[in-house]
Every structure is written in structure tokens, then in C-alpha cells.
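Read the structure below first, then the notes.
Residue numbering restarts at 1 for every chain, and letters A, B, ... go by the order of the sequence lines.
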There are 2 protein chains.
Amino acid sequence: MNVMQPEVPEVVVLRLPLYVRALTQLEREGMNVVSSQQLGERLQMTPAQIRKDLSYFGRFGKQGRGYSIQFLLEELREILGLTGEWRACLVGVGRLGRAIINYTGFAPEGFTIVAAFDSSENQVGTAVGDLAVRPMSHLPYVVNEVGVSIGIVAVPAAQAQTVIDRLVESGIKGILNYAPVAPYVPRGVVVRNIDPVLSLQSMTFYLKNER
Amino acid sequence: MNVMQPEVPEVVVLRLPLYVRALTQLEREGMNVVSSQQLGERLQMTPAQIRKDLSYFGRFGKQGRGYSIQFLLEELREILGLTGEWRACLVGVGRLGRAIINYTGFAPEGFTIVAAFDSSENQVGTAVGDLAVRPMSHLPYVVNEVGVSIGIVAVPAAQAQTVIDRLVESGIKGILNYAPVAPYVPRGVVVRNIDPVLSLQSMTFYLKNER
DNA sequence: GGGCAATTGTGAACAATGTAACACAATGCC
DNA sequence: GGCATTGTGTTACATTGTTCACAATTGCCC
């Protein structure tokens, strides 16, 4: 499968989108070239780390000059698979799910929510944004026919694992999980958890002395 | 200040809330005692790591038996500062901000949003949930008088850094940032970023081969 | 009340990650 | 066209994080 991938550390992959974002911003500001030094200042990290991260994937910079912003952006987008459009489906159209569907930050980055599901009879058939809410039974069909790669989970904690199991069965390979659980998935499926409560709970460790 | 804190690695602090959550669940399931083995199965991690993490803070288990769930929970809540209530204010009552205010996941964990701010004249004075939207000029007063420790940022990227600067000036020590930027803050201020787009963009790296 | 099975806490080995050092390619100035 | 400057790519080193292995302790059972 990923035989030719000389095992890039996951932390590195997690930082690449940061670079993409910073570079996009610099490009909009009209810059053409950037050094690892300058980029590091923006992102509050050492130039050495940026250079090392990038060197996992190739040689993108010119000694004495720095990196062509346009070129590096293209390369990074290619590496991350951000060139085409990614189709996602959402499960759970409660308050949170509706907010996610209406969130305007996904589309400009190439992520489109193309279907919404809910297990509740009351929700099925209603409209959220310009999506019709479908029953869970349609999931496998939609995933395969429409070509959905990503599942977004916005159901209560108690149902999250079940929903995730069904997404995986349907062939979904990436899951963005908003439910407050640490889900189990088989190898080969990528999960990213969005959990503001966990973030707050680790924050308070550092705050508690000065409350 | 934290002189007696023998430098606990941040990764460890990030995992503690996971333990709290798993233990809470186990407690609800009626269990009294849990071993690092069992806890590790739940959380998909090695027992050794759990024991090591906990050992940074003390000796909570009984050899041959495991950990008293109730006792360990109390200790962890104490360590993380989760015993009392934390008051937060929110800046930016657009779609995202409104969704955050209406999110029901914070209150049960002891986090209360007690004030909402917006820089737009149109928004000031309107109500979101049961909060009245205030002008930014009220920020320092509210933070100090009401005792707000946490700021939640839900403004567009372009305004995020400015808003964060003002929160910090007002004396806020912890920031939960929903804006798609990597903000700068002075030492002593803790930031946690919630950024689903970054999560998706790092996920696609692993998905791109099988799209 | 003593042996046994279970499970902790922890130092030491190992692995991963981050930082610093540096040789040298490209550039531009005089 | 030399020469100083800049900033990469890479290797070597330092730090941080994870896993292992086992002595020490506990509670149970007979």
C-alpha cells in the first residue's frame, strides 16, 4: 500500500496544513519568496524544524533565496491531497450538526458536505441548509454512489460508536468526530476528534493556580 | 508559583482529561475499581503509559487490585482544577459564536459562558440564548468584576489576533480559539485551537491514495 | 495465617522528536 | 568575474516521550 512512503512522522503531517495556511496568507499579501526564518516567525517555530519537515518530501527551496511561495504551496497541496474536492457526509442534524452544515469554513478549502443523515424519524425528510436529511439506511448507497470519503459525526456520545461503525462498514475511510468519545476504528481508518471540552480541561491545569 | 511541580510533560496533561472521561463513564457503569490494563483497552493505549502518566502526580493505585475509580477521579479532578466552576466569555456572536453559546456540552463539565461580546454595532444589545451581547469596551470591566478566566474566540480570522490581544490585556489567562489562525500570546497565557479544517487537511494525507 | 495471583510504580532501555551546526549552492554587488 | 551574503539540506547531538521488565505490595482463598 504505502510502500514508497518513507514513514513520515504523524506530527509532521499535522504541521503541513499550518504551512499551507501561512503560505496562502503570504501569497495573498503579495510575497513571492519566503525563508524558513520568516515562516518560522509567523508560526512561532524554529526555522530548523520547518526545513526538516519539508525535507521529508523533497527539496523545495533555493539556497540563498528561500522558498518560492507559489511552488511550495502547489507541492504541499499535492502532498496533502488538497488538489481536488473532498466529499463528506454528516450524521446527526441536531444543533451541533446544523451548525456544522452551515459553517462556511469548509467549502473554500475544498471540503463539501454532500449529504446529511439522522436516525430520528422526525428529522428525516426535513431540510438543513440545502440538504435533505436522509435515513441512516441510505448511508451505504450514498457513500458508494456519490463517492463520499469523509464522515462527520455529530451525534450524542451514546450513539457515536454505533454510527462510526456504520460509517466504516459503508466504506468511509476518514472520520471527523465531534462526539465526546474516543472511538474505536479498524486500522486504515483515520479519525480526528474535535472536542472543545477536552481542550478546556487540559487548559485549566495551567490556570488553576491563578484562579 | 509552580515550584513544586516537577515539570509534567504537556502531552501527559493533555491525556488526563481522557482518563477523567473514561473513569466517569466506568463509574456510571457501576464499577468501583479499574486496572491500568482495563483502562488501556478502553482508551486504546498501553497500561504502562497510563501508570507512568499517573505516577507524575502521586501513587493512586493499589498493587494487586488497581485504582479506586472514585478516588482516582477525585484526584484527577483536583489536579486538573476541575473542582469548581470556570467562567468564560465569548467574543463574536456570528453563526459560529451562537452555536457555541447554545452548545450544551460545556455546562455539565463546569464551564459556563457568562458574557458575550461583539464589535459590530448591529449585534450589540441583541440577545443570544439568555445572554445580552455587549460592546468590546465592556471587556476589561466584565473580566475583572465577574471573574472571567477563559476567553472563547469566534471571530473571523482577520480579527482574531486583535481580539486575542484585547482579551489578554483584560487579564484573560486561557483562550479557546475557533478562528483559523495560529495566534501569538505572551508567556503565561494558554491557548487551545479548535480547527476542523486543519484536522481534515491532515487527514487527507492518509486518504489521498484511495480516493 | 501463609501462599498465590494480580497489578502497581518506577528505573532503565529504547524510540521519536526537536535543535544546532555546518558545508555549500545560489545570488547579487562592485 | 571574484567575493561576501544568504539560507538551504543534512548530519550530528540533545531532549523528550514511550515501552519494558521486575521488585514490591496487596487482597483473596483455603
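B/Glu29 has a carboxylate O that lies under 4.0 Å from a charged side-chain N of B/Arg42, or vice versa, which qualifies the two as a salt bridge.
Within the structure, every side-chain polar atom (N or O) of B/Ser36 is placed at least 4.0 Å from both OP1 and OP2 of C/dT7. In terms of phosphate contacts, B/Tyr67 brings no side-chain nitrogen or oxygen within less than 4.0 Å of OP1 or OP2 of D/dT26. Contact check, A/Arg51 against C/dT19: no side-chain N or O comes under 4.0 Å of OP1 or OP2.
Each of A/Glu10 and B/Gly66 lies near DNA chain C, and the nucleotide nearest B/Gly66 is the one positioned closer to the 5' end. In this structure, B/Arg65 and A/Lys62 both approach DNA chain D, and ranking their closest nucleotides by distance from the 5' end singles out A/Lys62. For the pair B/Gln38 and B/Ala48, nearest-nucleotide mapping onto DNA chain C gives the more 5' position to B/Gln38.
One atom, CZ of B/Arg59, and another, P of C/dT10, lie 5 Å apart when rounded to the nearest Å. Whole-Å rounding puts the A/Leu39 CG to D/dG9 P distance at 13 Å. If you take CG of A/Leu14 and P of C/dG18, they are 10 Å apart, rounded to a whole angstrom. When the C1' atom of D/dT18 is taken as reference, atom CG of B/Leu54 falls 15 Å away, rounded to whole Å. The distance between atom CG of A/Asn32 and atom P of C/dT27, rounded to the nearest whole Å, is 14 Å. Whole-Å rounding puts the B/Tyr19 OH to C/dT8 P distance at 12 Å. When rounded to the nearest whole Å, the span between CZ of B/Phe57 and P of C/dT8 equals 18 Å. Put simply, CD on A/Glu75 is 12 Å from P on D/dG9, counting in whole angstrom units.
Between C/dG9, D/dT10, C/dG18, one nucleotide has an atom nearer to the side chain of A/Ser55 than all others, and that is D/dT10.
Under the 3.5 Å distance criterion, with hydrogens and angles disregarded, a donor-acceptor pair is assigned to the side chains of A/Arg51 and A/Ser36. Looking at B/Ser149 and B/Arg87, their side chains never bring a donor and an acceptor atom within 3.5 Å of each other. For the 3.5 Å distance criterion, the side chains of B/Gln161 and B/Asp165 qualify, holding a donor opposite an acceptor.
Environment of CD in A/Glu85: crowded, with over 12 heavy atoms of neighbouring residues, nucleotides or ligands closer than 6.0 Å.
A donor-acceptor contact under 3.5 Å is formed by the side chain of B/Gln63 with the base of C/dT8.
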